[in-house]
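This report refers to the structure that appears directly beneath it.
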Number of protein chains: 2
Amino acid sequence: MPAGTLQKNGLKVTPQRVAVLEAINSSDNHPAADEIIDFISRHHPNIGKGTVYRVLETLVNRGIISRVKTDSGIMRYDPITARHHHLYCSNSERIEDYDDKELNIILDNYFRKKKIKGFMIEDIKLQLIGKFTETRRSKNHKKGQIRNNLK
Amino acid sequence: MPAGTLQKNGLKVTPQRVAVLEAINSSDNHPAADEIIDFISRHHPNIGKGTVYRVLETLVNRGIISRVKTDSGIMRYDPITARHHHLYCSNSERIEDYDDKELNIILDNYFRKKKIKGFMIEDIKLQLIGKFTETRRSKNHKKGQIRNNLK
DNA sequence: TTCCTAAATAGGACTAATTCCTATTTATAA
DNA sequence: TTATAAATAGGAATTAGTCCTATTTAGGAA
């Protein structure tokens, strides 16, 4: 699947790019570059750190993955490019996806009527900040050492 | 005004804190720490970088300013803490505030009815990504060297 | 006003995320 | 198979942000 994604986007299919896509797809927590590098280096010890950053940039530019805005200054990556929103934990680094078609329709309708002067909307993302009341259903991956921004 | 803000929040009124507040208030583009430091160092060459970061953290913790999430991994700061949203330029680092009471009401109503399983909402922020069709009405400040994340 | 003390700062070293560089390798088209 | 533009390795360089401690200071108490 990763190879197909690359081809479809007119990118050379390199093992490095495939590995980055695999790493992101297999994570369940919008991994930071650091975690992606760790994951990859377990399987492909010779893939360079610089390469991972470069591949991530390429994938973002092609719209194959997207960056997730965080408060900690560390970039995180998201394999899903279909429209969705994010739930941010207000006292940890946890971020989860949030899909809501009904909400999207409401937002689209709202902004179809209400234009913003001097601005053309291309995308609308909600950041829902709050507290998770359930622990995460974990996937694979080692939990990353994302710098803790709290006290 | 900055001094009053500090007092109201039970913070000692130091020249450093006042200077940081002035720097943020006088910027019109949600400055990064880097720009705040530049601005301050023109007027107060002896205020340390570490101090600026520490003051920013204090102010954020007290809710006097807030952090703005960006895609570039560089933190930016916002003097407004009343609820508002942000317009992000999709091909520059420009960020503008966006206030919309009507939208807030719609969102609040929506999420009052529709609970998200396993998540308690504390705050809702919209990121509107798109293109500005008017140039910025500039204020003072030197335009910062925010790292350009594009090609 | 002066004194006291907890709190805050200077400023430079340090850390870690990200970028940059170039010789080498490689995916793909012909 | 070959040519070549594109991509990578690997490590140095950069830089946003943090940390440390000796020194200074804001603000309350006397």
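Below, read A as the first sequence line, B as the second, and so on, with proteins coming before strands; counting in each chain starts at 1.
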What is the distance, to the nearest angstrom, from the [atom1] atom on [X] to the [atom2] atom on [N]?
{"X": "Leu6(B)", "N": "dT9(C)", "atom1": "CG", "atom2": "P", "answer": "10 Å"}
{"X": "Glu57(B)", "N": "dT18(D)", "atom1": "CD", "atom2": "C1'", "answer": "10 Å"}
{"X": "Arg54(A)", "N": "dT22(C)", "atom1": "CZ", "atom2": "P", "answer": "14 Å"}
{"X": "Ile47(A)", "N": "dG10(D)", "atom1": "CD1", "atom2": "P", "answer": "10 Å"}
{"X": "Met75(A)", "N": "dT15(D)", "atom1": "CE", "atom2": "C1'", "answer": "14 Å"}
{"X": "Lys12(B)", "N": "dG28(D)", "atom1": "NZ", "atom2": "C1'", "answer": "10 Å"}

* To the nearest 10°, let me know how far the axis at one end of the helix from dT1(C)-dA30(D) to dA30(C)-dT1(D) is tilted from the axis at the other, five pairs an end. => 40°

* **Side-chain touch Asp123(B)/Leu128(A), heavy atoms, less than 4.5 angstrom** => no

* To do: Compare every heavy atom of Phe119(A) with every heavy atom of Gly130(B), then report the nearest pair and how far apart it is.
  => N-CZ, 3.3 Å

* Asked: More 5' along DNA chain C: Ile37(A) or Pro15(A), using each one's nearest nucleotide?
  -> Ile37(A)

* Asked: Is any side-chain N or O of Thr14(A) closer than 4.0 Å to OP1 or OP2 of dT8(D)?
  -> yes

* Asked: dT18(D) phosphate, OP1 or OP2: any side-chain N/O from Tyr53(B) under 4.0 angstrom?
  -> no

* Could you verify whether a donor N or O on one side chain and an acceptor N or O on the other, from His85(A) and Asn104(A), lie under 3.5 Å apart? => yes

* Donor-acceptor pair present, Lys49(B) side chain and dG11(C) base, under 3.5 Å -> no

